[in-house]
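We use all heavy atoms of the structure for the numbers below, so side chains are in, but hydrogens, waters and symmetry mates are not.
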Amino acid sequence: KTIEEKSSKFDILLYLIMREMGKEGIKNIINDPIGLIRILPYKFGRLYIGSYSYLYGVKEDFSELLNSKEAIKSVKIKLFVKSCILFISVLIIILALIGIFTSITRIPYILPIIILFLYWNSMFVFFETMTRYSIPILPIIILMAVKGFCSIKDTLLSNLRKMALYTFIF
């Protein structure tokens, strides 16, 4: 058999398997809709707090690196890189949420961004979740993270000014 025949048979088989899995998934959702709601936070985290470490040549998961019997320097470096990327991803998401919540007072300006964010999440968190699907919305998340950082900075500076003024007066 030629490669094309094998490839087309594989594609047909893959399509049939995916179709059956889709039917089974819909049955599971109908039978247990609360189960879907319970896994949404995990899927949200997988969408936005994924690993971009493949860009740095680290292809192993955290579990593989932590369970590695090798105490070589490269495993420690890979674990450090993955940990730093995870920390930065979580920090950006937290700052973005703070930025969205502090921008609520300007609802006419922020509403399109919130609608886009909710639409994007509903499309990918409910259906298929992969880190690469968050890349088109990352610029908006980064802008909201900058807004969150600026609002935290302004709050801290105003509190410090009040404290300095208070200590200067008394």
Exercise. Could you walk me through whether Asn159 and Thr155 pass the side-chain contact (heavy atoms from CB on, under 4.5 Å) check?
Worked result: CA-CA 6 Å; Asn159 288 341; Thr155 304; 3.9 Å; yes
For this session: Hey, could you give me the CG/OG distance between Leu111 and Ser103, rounded to the nearest 0.5 Å?
Result: 12.0 Å
Problem set entry | Test side chain to side chain contact (heavy atoms under 4.5 Å, CB included) applied to Ile17 - qualifying residues, sequence neighbours left out | Leu13, Met21
For this session: Begin with the C-alpha distance, continue with both residues' side-chain angles, and end with the deciding distance and a verdict on side-chain contact (heavy atoms from CB on, under 4.5 Å) for Lys147 and Thr102.
Result: CA-CA 8 Å; Lys147 171 66 173 130; Thr102 57; 4.1 Å; yes
Hey, quick one: are [X] and [Y] part of the same hydrophobic cluster, counting side-chain heavy atoms closer than 4.5 Å, chains of contacts allowed?
{"X": "Ile152", "Y": "Met144", "result": "yes"}
{"X": "Leu91", "Y": "Ile140", "result": "yes"}
{"X": "Leu95", "Y": "Leu156", "result": "yes"}
{"X": "Leu143", "Y": "Ile110", "result": "no"}
{"X": "Val90", "Y": "Ile142", "result": "no"}

For this session: Enumerate the residue pairs fulfilling ring-ring contact (aromatic ring centres under 6.0 Å, His included) with a member in residues 98-121, sequence neighbours excluded, ordered by first and then second residue.
Result: Tyr48-Phe117, Trp120-Phe124
For this session: With the side chain counted from C-beta on, respond yes when Val146 and Cys150 share a heavy-atom pair under 4.5 Å apart, and no when they do not.
Result: yes
For this session: Report the residues that fulfil salt bridge (charged side-chain N to carboxylate O under 4.0 Å, His left out) with Glu24, sequence neighbours left out, ordered by chain and then residue number.
Result: none
Exercise. Going through the checks in order, is the side-chain contact (heavy atoms from CB on, under 4.5 Å) test met by Lys27 and Asp32?
Worked result: CA-CA 8 Å; Lys27 286 179 191 175; Asp32 186 21; over 6 Å; no
Seminar exercise, completed: Nearest heavy-atom contact between Ser151 and Gly148 is OG-O, 2.8 Å
Problem set entry | CA sep, side-chain torsions, deciding dist, call: Arg161, Asp154, salt bridge (Lys or Arg N to Asp or Glu O under 4.0 Å) | CA-CA 10 Å; Arg161 285 185 192 124; Asp154 292 342; over 6 Å; no
